[in-house]
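Encoded as structure tokens, the structure appears first; notes follow it.
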Amino acid sequence: MLRTRFAPSPTGYLHVGGLRTALYSYLIAKQVGGKFLLRIEDTDRERFVADGTENILKSLYWAGIMPDEGVAMKGDEIKQVGDKGPYIQSERLDIYKKYAQELLDNGHAYYCFCTTERLEELRNYQQKNKLPTGYDGACLKIDPKEAKKRIDGGEKHVVRLKMPKEGETTFNDLIRGEVTFKNALVDDQVLVKSAGFPTYHLAVVGDDHLMDITHVVRGEEWISSTPKHIQLYKYFGWQAPEFAHLPLLLNPDKSKLSKRQGDVAVADYEKKGYLPEALVNFVALLGWNPGGERELFTLEELVKEFSLEKVSKAGAVFNLEKLDWFNRE
Ligand code: GLU
């Protein structure tokens with residue numbers, strides 16, 4: 001069964017780009033009788049916003065995009081539905097701990113004791129000398145027994161992915177086709193932060209696997225993380241899902257869509273009186289080209305007509321006049 005998910009971080013409102021990601025994930029699941037899940041990725045405690053989850057859910061429900069499984073709403077109440085939960089990452093910490101330990105035990109991850117100051121110095125040096133930035137693997141040399149002693153002694157540490165330094169990682173992106181990264185340029189990503197919290201990278205791979213996600217649809221900004229995720233799938237011996245990275249949303253001047261040039265929150269459009277049908281139709285066509293003249297689609301029609309193969313690689317311009325046109329129609 002095809003299973004997709006929308007996995008927002010509750011750092012604030014639902015962005016129109018997030019609405020498009022959720023919509024595309026929803027459409028490809030619905031058109032084949034699959035399931036659309038909602039998972040809350042709240043491992044970044046510094047950017048956590050208390051009512052973020054509620055805001056995101058309310059905007060999604062307003063747009064008519066309701067999850068079949070995961071974090072959902074019943075009236076005003078947030079609940080979790082399904083047998084693969086919990087679907088909120090801060091309730092899954094034991095799972096990530098177990099996976100981090102498995103990687104450490106198999107030599108696929110290592111403890112790193114580098115201080116923020118050292119990492120900053122390293123970065124400055126790399127930038128000054130026009131070298132690729134990234135961790136230099138200094139702590140790879142530390143014997144695991146020695147590392148254990150230092151940890152028992154209370155030394156601050158993180159856990160890093162041991163990325164192979166030779167070869168390449170290739171995957172087939174459903175929008176971009178074959179994408180290849182040189183492993184030597186992929187960073188030894190932090191998987192567990194010093195406070196013991198997992199990073200997005202460890203949590204997303206574990207969860208997508210355990211929740212049987214078959215298709216990961218997400219923004220282009222995550223594409224450079226995908227080789228790290230694929231390496232994690234290999235280390236765990238799991239099959240990686242299919243990936244589709246959506247093009248960026250742009251302002252009319254082709255800069256990345258930002259708050260400075262207008263509203264980006266779905267809730268702002270709702271407040272201004274835009275119809276959910278108009279906003280959904282509008283974001284559906286940001287990057288997706290159905291071919292032909294037709295532009296007006298209801299959500300049910302989108303379920304029938306949408307295909308990822310017709311999503312462009314190039315950034316899509318967010319044109320407010322066009323949204324107004326849809327709203328009038
Ligand atoms: N939590 C990530 C975000 O908010 C999800 C990225 C993904 O879909 O893998 O963008």
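Both ligands and their constituent atoms are indexed starting at 1 by order of listing. The figures that follow rest on heavy atoms only: side chains count, while hydrogens, waters and symmetry mates do not.
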- By chain and number, the residues contacting ligand 1 below 4.0 angstrom (heavy atoms only) are R5, A7, P8, S9, E41, Y200, V204, R218, W222
- Can a cation-pi geometry be assigned to K322 and F326, taking NZ or CZ under 6.0 Å from the six-membered ring centre and within 45° of the ring axis? yes
- Task: Determine which pairs satisfy side chain to side chain donor-acceptor pair (under 3.5 Å) with at least one residue from residues 131-148, sequence neighbours left out, and list them in order.
- Result: R118-D136, K148-D152
- Query: Tell me, which pairs form a ring pair (Phe, Tyr, Trp, His ring centres under 6.0 Å) where one or both residues lie in residues 296-315, sequence neighbours left out?
  - Reply: Y24-F306, W288-F297, W288-F306
- Task: Look at the side chain of K193 and the backbone N and O of T43, then say whether any donor-acceptor pair between them is shorter than 3.5 Å.
- Result: yes
- Partners of E220 by salt bridge (Lys or Arg N to Asp or Glu O under 4.0 Å), sequence neighbours excluded? R176
- Message: Check whether N281 reaches the backbone of E295 with its side chain - one donor and one acceptor, N or O, closer than 3.5 Å.
- Response: yes
